[in-house]
Each structure stands twice: as C-alpha cells, then as structure tokens.
Amino acid sequence: MLDERIKSRILDDHKRLTAEGRLPSRAQLEAAIRTFRSRFGPDVLARLDGEELLEVMHARGNRDSLVYWLEFKSDEEFPSRHFGSISGGSSFNYGIFRSRDLDCWVTGRPQNVRELTVPEAVEIARRQRDELVRSAERIGRLPGGADDAEYRTLQEDLGRIAPSVCDSAWGHKYSP
C-alpha cells in the first residue's frame with residue numbers, strides 16, 4: 001500500500017498541475033492514444049512487411065515513423081512527453097537504425113557497429129514487430145487491478161516472448 005502522506009502529495013500535485021494546465025485531460029490522452037494506435041498499433045504493424053515495415057518502424061529522419069513518434073514527436077496530435085521519455089542515449093538502443101555516416105542500416109553497439117543489408121534489416125524489423133505484437137496481446141490480458149504477482153508473471157512472460165524489446169525503453173513506451 002502507498003503511504004498516505006505520499007498519496008496525498010501526489011494527489012495535491014495532480015490537482016495543482018491540472019489547474020495550471022500542465023497536465024493533459026483524460027480526453028486529450030485518449031485521443032493521442034487512438035491516433036498512435038491508428039498509425040502504429042499491433043494490427044497495423046502486423047499488416048506491414050518488407051521495406052515498408054522497416055521504414056514505418058525505423059526511419060528516424062521521417063517524422064512519420066514509429067521511432068520518431070516515440071522519441072521526438074510532441075505536439076497536439078501526440079504529446080509524447082506525457083507518455084514518458086526515451087530521449088538520450090544512442091540510436092543503437094532501437095536494435096537497428098539507418099546510419100547517416102555509413103548510408104546503410106546498422107546494428108550492434110557504438111564500439112562494434114555492424115552494417116546490414118536491407119534483407120537483414122527487414123528481418124530484424126520483423127522480429128521486433130512480432131515481439132511488439134505478442135507483447136501487446138499479453139499486456140491486453142492483464143486483469144484490471146492486477147497485483148504484484150501478476151505483474152511479475154507479466155514481466156517474465158514478456159522476457160520470454162519479446163526478448164529483444166522487453167527491456168528497452170522504446171519497447172515499454174510502445175505498449176498501446
């Protein structure tokens with residue numbers, strides 16, 4: 001249980017921030033979630049394949065890609081900052097990205113960059129897509145009011161069904 005003093009402080013802060021207009025309304029958040037799902041929801045990603053999937057998920061210079069929306073987009077349509085931040089760090093955190101310097105898709109780590117062919121990059125995007133879709137399905141089965149044990153089981157399941165995205169900030173933020 002949450003300590004009553006902490007709970008009271010959180011509720012007071014929420015009231016103050018809402019009154020100051022610094023928190024979006026439930027309706028605004030729900031509209032943003034609907035917009036995001038219409039563009040990148042599991043059903044949308046599941047219908048994509050090949051280079052189209054790769055571009056929709058990972059084209060960073062494109063303001064219409066999944067990774068752009070998750071990390072940078074923050075406007076009336078999708079106020080990303082209200083859903084948590086994943087900025088900072090490295091593009092390697094996405095598992096794959098198109099390197100401007102090398103003009104190709106890459107994976108690895110900053111100290112160990114591996115160039116990819118387009119078919120290799122597509123295969124990584126497919127794996128990530130499949131993991132995101134399975135994760136969304138599993139999260140959707142979590143009961144309302146789940147307890148700590150149910151969340152521990154969820155985390156274990158996600159580690160098993162989505163090993164390449166379950167521990168990433170963008171994988172967590174994606175969960176529609």
Side-chain angles (χ1 to χ4, degrees), residues 1-46 48 53 55-98 100 110 125 128-129 131-159 162 164-176:
M1 292 298 291
L2 188 60
D3 181 284
E4 284 301 318
R5 293 171 295 179
I6 295 171
K7 180 179 177 181
S8 177
R9 204 165 96 211
I10 291 171
L11 291 173
D12 289 346
D13 286 346
H14 182 267
K15 287 177 191 171
R16 179 180 50 78
L17 292 170
T18 300
E20 293 171 359
R22 293 174 52 197
L23 290 181
S25 70
R26 176 176 294 273
Q28 289 170 313
L29 292 174
E30 288 171 354
I33 291 168
R34 278 192 308 275
T35 299
F36 181 84
R37 285 180 178 160
S38 73
R39 297 180 66 95
F40 306 108
D43 56 323
V44 175
L45 293 184
L48 300 175
L53 172 67
E55 291 294 321
V56 167
M57 286 183 66
H58 290 286
R60 286 183 58 107
N62 174 349
R63 293 177 182 245
D64 290 324
S65 70
L66 171 64
V67 296
Y68 179 85
W69 274 53
L70 290 175
E71 187 166 358
F72 300 110
K73 187 167 177 71
S74 196
D75 56 18
E76 291 290 320
E77 182 178 38
F78 187 69
S80 180
R81 69 186 180 283
H82 293 300
F83 297 97
S85 173
I86 58 172
S87 62
S90 164
S91 295
F92 286 99
N93 292 334
Y94 292 105
I96 182 176
F97 69 97
R98 184 153 183 88
R100 284 187 212 131
Q128 290 175 335
R129 176 215 41 216
E131 290 183 14
L132 291 172
V133 169
R134 286 191 304 265
S135 294
E137 289 170 354
R138 174 59 182 90
I139 291 167
R141 292 192 309 269
L142 188 68
D147 62 18
D148 289 347
E150 289 166 310
Y151 275 103
R152 276 192 295 279
T153 300
L154 172 65
Q155 188 63 43
E156 291 167 6
D157 290 350
L158 293 177
S164 72
V165 297
C166 77
D167 288 331
S168 68
W170 75 277
H172 278 259
K173 190 171 181 180
Y174 170 78
S175 300

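Please read these numbers as outputs of a predicted model, since none were measured by experiment.
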* L70 and F36, any side-chain heavy atoms less than 4.5 Å apart -> yes
* Mind checking whether I96 and Q128 have side chains closer than 4.5 Å, heavy atoms only? -> yes
* Asked: W69 ring centre to K73 NZ or CZ under 6.0 Å, with the angle to the axis within 45°?
  -> yes
* Side-chain contact test, heavy atoms from C-beta onward, threshold under 4.5 Å: evaluate it for P110 versus F92 and give yes or no. => yes
* **For the student: nearest non-hydrogen atoms of Y68 and R63, plus distance** => OH-NH1, 3.0 Å
* Asked: So how far is it from R81 CZ to D75 CG, rounded to the nearest 0.5 Å?
  -> 9.0 Å
* Provide the full list of salt bridge (Lys or Arg N to Asp or Glu O under 4.0 Å) pairs with a residue in residues 14-28, sequence neighbours left out, each pair given once. => D13-R16, R16-E20, E20-R22
* Residues that D147 engages under side chain to side chain contact (heavy atoms under 4.5 Å, CB included), provided they are two or more places apart -> A149, E150
* **OG1-CG distance between T153 and L158, expressed to the nearest 0.5 angstrom** => 10.5 Å
* Spatial distance of atom CD (E30) from atom OG (S25) [nearest 0.5 Å] -> 8.5 Å
* Structure fact -> Between P24 and L29 the two heavy atoms that sit nearest each other are CG-CD2, 3.4 Å
* Asked: Does a side-chain heavy-atom distance below 4.5 Å link E55 with S65?
  -> no
* To do: Kindly indicate whether the side chain of F78, heavy atoms from C-beta on, has any atom under 4.5 Å from the side chain of I33.
  => no
* Residues, nucleotides or ligands: over 12 heavy atoms within 6.0 Å of H82 NE2 -> yes
* To do: Indicate, with yes or no, if the rings of F40 and Y174 have centres closer together than 6.0 Å.
  => no
* To do: Start with the C-alpha distance between D167 and Q155, add both sets of side-chain angles, then the distance that settles side chain to side chain contact (heavy atoms under 4.5 Å, CB included), and finish with yes or no.
  => CA-CA 9 Å; D167 288 331; Q155 188 63 43; 3.9 Å; yes
* Beyond-backbone contact of P79 with Q28, side-chain heavy atoms, under 4.5 angstrom -> no
* **Inter-residue atom distance S168.OG - E131.CD, 0.5 Å rounding** => 9.0 Å
* **Basic-acidic side-chain contact under 4.0 Å: R39, D64** => yes
* Quick one: CZ on R37 to CG on L45, what's the gap to the nearest 0.5 Å? -> 12.5 Å
* To do: Taking the side chain as every heavy atom from C-beta outward, state whether M57 and L48 have any atom pair closer than 4.5 Å.
  => no
* Rounded to the nearest 0.5 Å, what separation is found between the NZ atom of K7 and the CD atom of E4? -> 5.0 Å
* Shortest non-hydrogen separation from I86 to A169 and the atoms involved -> CG2-CB, 3.2 Å
* To do: Apply side chain to side chain contact (heavy atoms under 4.5 Å, CB included) to the pair V67 and F97, showing each step before the final yes or no.
  => CA-CA 10 Å; V67 296; F97 69 97; over 6 Å; no
* How are the rings of W170 and H58 set to each other: parallel, tilted or perpendicular (split at 30° and 60°)? -> perpendicular
* Quick one: does H14's side chain get under 4.5 Å of L23's, heavy atoms only? -> yes
